[in-house]
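Here's the structure we're looking at; comments come further down.
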Amino acid sequence: MRDSSSWHPTAYRTHTIGQVVSNGEELEGKEVTVAGYAETVRGRGAICFLMLRDGTGQIQAFLKRDNMDESLFESVQSATRETTIQVTGKVAKKRPPKVAEGEPIPPPEFEVNVVSGAILAMAAAPLPVGVTDEVNVGLDVRLDNRHLDVRRAHVNAMFQLRSKVLQYGREHLISEGFQEINSPKIIAAAAEGGTNLFPMKYFETDAYLSQSPQLYKQLAVLGGLERVFEIGPAFRAEKHDTYRHLNEFVSFDIEGAWMDDDDVMGVQERMIHHIWSCVSSNDQALIDVVNEYRASQGKEPVTVEVPSMPFPRIPYCDAIEIVKQGGGDIEWGDDIESHHCDIIAAKHPGFHFIPRWPMSMKPFYIHHKEEEKGSSGGQLSRGFDLNYGRDEMTSGGAREHRVEILEENLRGMGLDPADFTFYTDGFRYGAPPHAGWGLGVARLLMVLTGAGNVREVVLFPRDRSRVTP
RNA sequence: GCCCCGAUGGUGUAGUGGCCUAUCAUGCAGCCCUGUCGAGGCUGCGACCCGGGUUCAAAUCCCGGUCGGGGCGCCA
């Protein structure tokens with residue numbers, strides 16, 4: 001549950017439930033008003049126990065028929081699960097539970113002895129997805145009812161972790177001098193080729209949803225912003241249907257001037273190291289909630305092991321050798337596919353970079369050095385990936401800053417430089433060498449939370465067959 | 001786009017031709033008990049994806065459809 005110790009009172013409550021739970025000793029005997037979802041309502045006679053939950057904790061409210069308005073007592077007693085209820089009453093110690101002989105007596109807990117309150121919104125019954133039920137629910141049904149699904153403790157914890165990951169990532173980049181930007185998501189042309197874009201109508205002209213902030217973050221750097229980052233959506237009209245792909249996803253992008261691929265790999269490993277360190281020291285409680293659920297499903301717990309730096313660098317040529325030695329069918333110039341990644345991951349568990357891909361496999365804006373050739377003689381690039389296990393987290397690289405080579409690359413990939421003047425013009429008046437990367441936020445969270453599907457860690461995922469809710 | 005698999009109460013499931021008037025859990029409704037606390041006890045409610053076919057007989061077999069899952073491809 002979230003730490004709400006510094007939250008202010010609101011129109012609907014004097015305290016969060018978390019505040020009452022953690023300051024019970026101080027608040028004992030004082031009147032508080034709390035509000036939350038009814039998790040269980042027990043008791044049909046003269047007394048009634050209401051378990052209330054808000055985003056910060058759970059507390060029992062104790063109701064005695066004689067202590068309040070009859071109609072309030074009746075309505076709370078007949079409230080359905082997940083109904084939102086506000087109650088006012090004095091904080092009191094709960095009667096201690098009966099414990100077996102020899103068992104330790106648990107620390108005192110507190111409850112609210114209700115004298116007044118109100119039903120805020122009645123929940124329909126039955127719930128399409130039980131919030132506290134132990135039955136498994138399929139992902140599709142959960143996503144159809146995400147608003148209820150997120151009330152479940154472990155799902156809630158995963159989204160809190162998501163927020164933390166973004167916060168720590170931001171913190172780290174800002175500490176290294178990066179500034180946050182926002183690039184347009186409505187673009188005029190198929191910016192890079194390679195992937196299918198979603199077309200849209202922009203008044204009277206055709207436009208597309210952006211597949212990546214790539215070219216715009218480069219323009220920001222060329223414009224003198226030096227070090228920039230953006231956390232924003234990217235859209236790809238690919239008909240993939242896997243645990244790791246979505247048609248709308250949040251990309252964590254950076255771009256820095258006077259840097260090359262090695263420099264930005266350093267930024268990335270320091271950032272991931274910072275994120276893991278912070279989660280490890282601040283947010284173990286959230287991981288515990290996830291693990292409690294995993295245990296109920298018979299799954300291994302996830303552990304937050306802070307990766308040591310530097311992360312291994314396995315150049316493309318070496319990676320090909322590792323796959324070959326591991327029995328994989330692959331040649332220099334082939335893409336390293338998921339099943340090849342399994343072979344590499346067996347040797348390098350955890351995060352690892354794969355730098356120096358063949359230039360022929362990289363987009364036109366990736367930099368190359370003419371003298372750097374691969375084991376088979378082909379031209380190498382300064383593009384890299386960051387992998388974890390079988391999954392690609394990041395793609396990045398040093399960017400080509402020589403405009404004549406950019407135009408040559410465009411022509412070489414069957415693209416017309418005339419379509420890219422909005423971009424190439426940025427390089428005509430002096431361009432700093434620069435580098436950057438784009439990281440899939442949901443994929444990183446899969447590693448952290450042990451989620452087996454990116455949809456788990458995306459609130460309202462958009463895939464091939466889902467545009468609602 | 002390719003390959004494989006699946007669809008049973010609100011949810012998750014058992015069920016491979018007649019023993020199904022369909023199992024269990026959870027849920028929901030009601031009753032009893034109760035300062036309960038993973039509350040407990042009792043009673044009840046609620047389902048075989050759609051269309052066609054085979055058969056004396058179909059939840060079960062076959063065909064088509066729809067929806068979903070897994071793997072792969074595609075994908076900065």
Side-chain angles (χ1 to χ4, degrees), chain A residues 39-51 58-64 78 80-82 92-99 106 109-111 113 123-145 148-149 152 191-197 210-215 217-218 234-247 249 251 253 292 296-297 335 337-340 342 354 357 361-366 381 383-386 390-397 399 413 436-440 443 452-453 455 463-466:
Chain A
E39 206 157 279
T40 56
V41 184
R42 280 194 287 275
R44 289 286 182 271
I47 60 170
C48 170
F49 303 96
L50 165 70
M51 185 58 84
Q58 283 166 283
I59 197 163
Q60 175 170 287
F62 177 64
L63 290 82
K64 230 178 206 155
S78 59
T80 47
R81 297 194 305 169
E82 297 303 311
K93 264 203 190 75
K94 261 168 91 170
R95 305 256 169 112
K98 295 164 195 127
V99 290
E109 287 189 64
F110 295 89
E111 65 182 5
N113 279 160
L127 301 167
V129 172
V131 173
T132 54
D133 294 4
E134 282 168 19
V135 295
N136 261 349
V137 185
L139 184 58
D140 208 49
V141 174
R142 289 173 48 203
L143 292 177
D144 283 340
N145 299 280
L148 276 174
D149 184 49
R152 305 203 299 162
E192 299 171 45
T195 190
N196 295 318
L197 304 190
S210 169
Q211 63 167 307
S212 156
Q214 181 60 37
L215 304 184
K217 67 182 178 169
Q218 285 189 258
F235 305 90
R236 298 194 186 169
E238 298 292 340
K239 292 183 175 176
H240 33 49
D241 208 356
T242 77
Y243 67 89
R244 62 185 184 277
H245 287 97
L246 291 175
N247 297 293
F249 64 96
S251 177
D253 273 85
E292 206 174 303
S296 76
Q297 300 298 301
D335 196 8
E337 293 166 1
S338 291
H339 56 285
H340 299 136
D342 290 335
I354 302 183
W357 286 69
M361 301 175 65
K362 283 291 162 186
F364 71 91
Y365 52 79
I366 290 289
S381 76
F384 67 87
D385 284 356
L386 175 75
R390 59 163 22 214
D391 297 322
E392 182 185 327
M393 302 280 121
T394 292
S395 186
R399 317 306 189 188
M413 292 178 188
W437 42 255
L439 166 70
R443 290 190 183 179
N453 193 313
R455 291 162 181 80
D463 63 31
R464 189 177 179 174
S465 56
R466 179 178 288 282

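Below, read A as the first sequence line, B as the second, and so on, with proteins coming before strands; counting in each chain starts at 1.
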Please list, chain by chain and in numerical order, all residues satisfying salt bridge (charged side-chain N to carboxylate O under 4.0 Å, His left out) with [X], sequence neighbours excluded.
| X | answer |
| --- | --- |
| A/K239 | none |
| A/R466 | A/D140, A/D144 |
| A/D149 | A/R142, A/R146, A/R152 |
| A/E337 | none |

Indicate, with a heavy-atom threshold strictly under 4.0 Å, whether [X] touches base, sugar-phosphate, or nothing.
| X | value |
| --- | --- |
| A/T242 | base |
| A/R152 | nothing |
| A/E337 | sugar-phosphate |
| A/R466 | nothing |

Give the rounded distance in Å between these two atoms: [atom1] of [X] and [atom2] of [N].
| X | N | atom1 | atom2 | result |
| --- | --- | --- | --- | --- |
| A/K239 | B/C3 | NZ | C1' | 18 Å |
| A/L148 | B/U26 | CG | P | 20 Å |
| A/K93 | B/C37 | NZ | C1' | 18 Å |
| A/Q211 | B/C74 | CD | P | 17 Å |
| A/N145 | B/G27 | CG | C1' | 14 Å |
| A/E111 | B/G35 | CD | C1' | 8 Å |
| A/E109 | B/G35 | CD | C1' | 13 Å |
| A/M393 | B/C75 | CE | C1' | 15 Å |

Can you tell me how far [atom1] in [N] sits from the matching atom in [M], rounded to whole Å?
| N | M | atom1 | answer |
| --- | --- | --- | --- |
| B/U8 | B/A25 | C1' | 15 Å |
| B/G46 | B/C37 | C1' | 29 Å |
| B/C49 | B/C42 | C1' | 36 Å |
| B/G71 | B/G18 | P | 35 Å |
| B/G52 | B/U11 | P | 25 Å |
| B/C61 | B/C24 | P | 23 Å |
| B/U36 | B/A47 | P | 38 Å |
| B/U26 | B/G9 | C1' | 11 Å |

Between [atom1] of [X] and [atom2] of [Y], what distance do you get to the nearest 0.5 Å?
| X | Y | atom1 | atom2 | answer |
| --- | --- | --- | --- | --- |
| A/K93 | A/F110 | NZ | CZ | 5.0 Å |
| A/R42 | A/M51 | CZ | CE | 6.5 Å |
| A/R390 | A/R244 | CZ | CZ | 6.5 Å |
| A/Y365 | A/Q214 | OH | CD | 4.0 Å |

- Query: Using Watson-Crick and G-U wobble pairs whose two distances are both under 3.5 Å, how do you write the pairing of RNA chain B as dot-bracket, with | for links to another strand?
  - Reply: (((((((..(((.....[.....)))((((((.......))))))...(((((..]....))))))))))))....
Anything under 3.5 Å between a protein N or O and an N or O of nucleotides 31-34 of chain B, put it in a table, one pair a line.
unit_1 : atom_1 : unit_2 : atom_2 : d
B/U34  : O4     : A/R44  : N      : 3.2
B/U34  : O4     : A/G45  : N      : 3.0

- Query: Taking only residues two or more places apart in sequence or in another chain, which ones pass ring pair (Phe, Tyr, Trp, His ring centres under 6.0 Å) with A/H339?
  - Reply: none
- ring pair (Phe, Tyr, Trp, His ring centres under 6.0 Å) involving A/H245 - partner list, sequence neighbours excluded: A/H240
- Message: Return whichever of A/R81 or A/Q60 has its heavy-atom-nearest nucleotide of RNA chain B closer to the 5' end.
- Response: A/R81
- Ranking A/H339 and A/R464 by the position along RNA chain B of their nearest nucleotide, the one closer to 5' is A/R464
- Below 3.5 Å, does any donor atom in the side chain of A/H245 face an acceptor in the base of B/C75, or the other way round? yes
- When only distance counts, do a donor and an acceptor, one from the side chain of A/K94 and one from the base of B/C37, lie under 3.5 Å apart? yes
- Task: Kindly indicate whether the side chain of A/V141, heavy atoms from C-beta on, has any atom under 4.5 Å from the side chain of A/P128.
- Result: no
With sequence neighbours left out, what residues match [X] under side-chain hydrogen bond (donor to acceptor under 3.5 Å, both in side chains)?
| X | result |
| --- | --- |
| A/T132 | none |
| A/T394 | A/Q268 |
| A/R455 | A/N453, A/D463 |

- What nucleotide among B/G35, B/C28, B/C74 has an atom nearest to a side-chain atom of A/H240? B/C74
Please tabulate, one pair per line, each protein N/O and nucleotide N/O from nucleotides 10-12 of chain B that are separated by under 3.5 Å, including the distance.
unit_1 : atom_1 : unit_2 : atom_2 : d
B/G12  : OP1    : A/G138 : N      : 3.1
B/G12  : O4'    : A/N136 : O      : 2.8

